[in-house]
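Down below is the structure, laid out as structure tokens.
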Amino acid sequence: MLIAGGSPVGLATALELAHHGVPSLVVEPREEVSWLRPRAKTTSARSMELFRRWGVAATIRERAPLPVAWSDEAVFVTGLLGQEITRFDRCFGLDLAGDDRAAEPGQQVSQPLVEQMLREAVHASPHARLLTGRRVTGMREDAFGVSVTLDSAEVIRASYVVGCDGSRSVTREAIGARYLGRADSRPNLNIVFRAPGLAERVPFGPAVHYWVLHPSQPGLAGRLDLEETWWCIAQGVTSGDPLEIIRNLARASLDVEVLATDPWTARMLLVDRYSSERIFLAGDSAHQNPPWGGHGFTTGIGDAVNLGWKLAAVINGWAPRSLTATYALERRPIAERTIAEAARNMATLAPELSHPRLDSPSVRQSVAEAVQRAKDSEFHSLDLVLGYTYDGSPIVSGDGARLPHRWLGPGDSLYDHLGPEFTILGREVDGFVKAAADEGVPLTSYDDGLPGLRLVRPDQHVAWSGPDDSHALEILRMAISRAPSTSAGPSPSA
């Protein structure tokens, strides 16, 4: 297996394959992680649950400069040193520690730190390898595999290729896929800066985001650590004096050291096809969405896990190649919904919410009401993060939702008892155990104490649930995209 691009999605794909014992090579042109362009600042509860499967969630939390308990609030203000307008709590699933809804809460942590942790996990894996300083420049697919050319003219032969090579994807070009969608016309400028003493002067307490609604410079800012490093996004500008922009966001003169700037525009793009027979797209090479709500990173990790377990099942010989065709069927609708949700969040940003008379209490109250109406779904989106389903997929019976989580004891998650491949939950499971043995499908059984049975996929989504195992063979064949046996009984019911 070759993975083009060592982004977090590329590294996650390698770790998912390694989780199933499949070797892979990740080819990444960057020698080092780009620390001064943090991009995503929060990792969702769902991504942290998936990281838990690979044993890296605890390490990420230990190294994250901002503890998960530090804040779960977003505060809307007239300026970083100005007056509060309104606030939201329980943002981004950061409040879910110990909650039955999730095995992991979200985590405030910059994307480069997550990427570095994933690199270290790949280096430690006996199955995955990361090759930096090299770039994939082309590939040619045939009936038996893919010939991948690197910038050194070296050609590597791979059974399958996953393209995690972003917006300028060579992989996307190789399969003739193209983006459909549009870019937003409004510019933005990311700034990373050091501001000694700023944290002590901000009067609003800890927050994930501080949204500045002053018309002189609308935008948002937040902390990267508990020392002096901050980030901000100035909305409506692509250039200008970064120091002046930061001071306008603060509404005060500050002692600031600018560390990096990064102009960008939001894009709402989705490819028209996700794969050929042996080449697949994941993450930004397949879809791009505005960052508002923080869903792009989560969607890419979900791609990696969905595709990874299916490719591993095919390579390990217990599922037919037709299983990989369900990757696009399941993940493209999720990306489409994510783009739509992020675009709705983007419709009302700080410039649209700003007002020239924020010094007036009545105006601030009016703006606060507008903020609460417009932005609540951006900060409270667990229905999208944890609640997405694979309804309509040919390899699920029912809606294919994520297995409902619950704690079995302190620190003891139901998810920790799931096997690396399929798991059958319930008591009377002999029919599934026999069917799995007959079909050569790896299966773990666990009695979760609930009535009925649930067949759980490697990605923690429910393939089937029902009262008994009377049609276990047909259900299992359906779940791995294998043609029904000639003696198939009635179709399994949800």
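FYI, side chains are in, hydrogens and waters are out, and symmetry mates aren't considered; it's all heavy atoms of this structure.
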Ignoring hydrogens and angles, write down the donor-acceptor pairs under 3.5 Å from the side chains of residues 424-438, residues two or more places apart or on other chains.
{"residue": "R427", "atom": "NE", "partner": "D447", "partner atom": "OD2", "Å": "3.4"}
{"residue": "K434", "atom": "NZ", "partner": "D438", "partner atom": "OD2", "Å": "2.8"}

So, does H295 use its side chain to make a donor-acceptor pair with the main chain of T338 at under 3.5 Å? no
Assess the pair W231 and H209: is the distance between their ring centroids shorter than 6.0 Å? yes
Report the C-alpha distance between T171 and D165 in whole Å, list the side-chain angles of each, state the deciding distance to 0.1 Å, and finish with yes or no for side chain to side chain donor-acceptor pair (under 3.5 Å). CA-CA 7 Å; T171 316; D165 43 353; 2.9 Å; yes
Report yes if the side chains of L455 and V462 come closer than 4.5 Å at any heavy-atom pair, otherwise no. no
Can you name the salt bridge (charged side-chain N to carboxylate O under 4.0 Å, His left out) partners of R344, sequence neighbours left out? E341
May I ask you to decide if G10's main-chain N or O and S7's side chain share a donor-acceptor pair within less than 3.5 Å? yes
Walk me through it: do E16 and R53 pass the test salt bridge (charged side-chain N to carboxylate O under 4.0 Å, His left out)? CA-CA 9 Å; E16 181 63 22; R53 292 166 70 247; 2.7 Å; yes
Is there a donor-acceptor pair under 3.5 Å between the side chain of R119 and the backbone N or O of G6? no
Do the non-hydrogen side-chain atoms of F422 and P458 ever get within less than 4.5 Å of each other? yes
side-chain contact (heavy atoms from CB on, under 4.5 Å) between I395 and I480, worked out: CA-CA 6 Å; I395 59 170; I480 61 171; over 6 Å; no
Can any side-chain N or O of S276 pair as donor or acceptor with the backbone N or O of I279 at less than 3.5 Å? yes
A282 versus S285, closest heavy-atom pair with distance: O-OG, 2.9 Å
Note: R178-E173 ion pair, threshold 4.0 Å (strictly below): no
So, for R321 and A143, which heavy atoms are closest and what is the spacing to 0.1 Å? NH1-O, 4.4 Å
Indicate the ring-plane relationship of F379 and F88, choosing parallel, tilted or perpendicular according to the 30° and 60° boundaries. tilted
Start with the C-alpha gap between D142 and R278, add the side-chain angles, then the distance that decides, and say whether salt bridge (charged side-chain N to carboxylate O under 4.0 Å, His left out) holds. CA-CA 8 Å; D142 56 50; R278 292 182 175 270; 5.8 Å; no
T423 side chain to T444 side chain, donor-acceptor N/O pair below 3.5 angstrom: no
Indicate yes or no: does R61 engage E104 in a salt bridge with an N to O separation below 4.0 Å. yes
K375 side chain to A370 main-chain N or O, any donor-acceptor pair under 3.5 Å? no
What are the two closest non-hydrogen atoms of N345 and W292, and how far apart are they? ND2-O, 3.0 Å
Test your reading of the model: is there a side-chain donor-acceptor pair from S110 to the backbone of P38, 3.5 Å cut-off? no
Taking the basic N atoms (NZ, or NE/NH1/NH2) and the acidic carboxylate oxygens, is any pair closer than 4.0 Å for E336 and R331? no
Where at least one partner belongs to residues 321-349, residue pairs that pass ring-ring contact (aromatic ring centres under 6.0 Å, His included), sequence neighbours excluded: Y274-Y327
Is it possible for you to check whether R52 lies under 6.0 Å from the centre of the six-membered ring of Y415, through NZ or CZ, and within 45° of that ring's axis? no
Side-chain donor-acceptor pair under 3.5 Å between N306 and H461, yes or no? no
Give a yes or no answer on whether the side chain of S47 reaches the backbone of T43 with a donor-acceptor pair at less than 3.5 Å. no
Going through the distances and angles, do R39 and F297 end up as a side-chain contact (heavy atoms from CB on, under 4.5 Å)? CA-CA 9 Å; R39 306 208 175 189; F297 182 56; over 6 Å; no
Salt bridge present between D459 and K310 (N-O < 4.0 angstrom): no
May I ask you to decide whether D383 forms a salt bridge with R337, counting only side-chain N to carboxylate O separations under 4.0 Å? yes
Under 3.5 Å: donor-acceptor pair, side chain of R267, backbone of L269: no
Over all heavy atoms of both residues, which pair between A102 and R402 is shortest? Give the atoms and the distance, please. CA-NH2, 3.7 Å
For Q288 and L270, indicate whether the former's side chain and the latter's backbone hold a donor-acceptor pair under 3.5 Å. no
Donor-acceptor contact present, side-chain D72 to main-chain D89, <3.5 Å: no
Is it the case that R46 places NZ or CZ above or below the six-membered ring of F51, under 6.0 angstrom from the centre and within 45 degrees of the axis? no
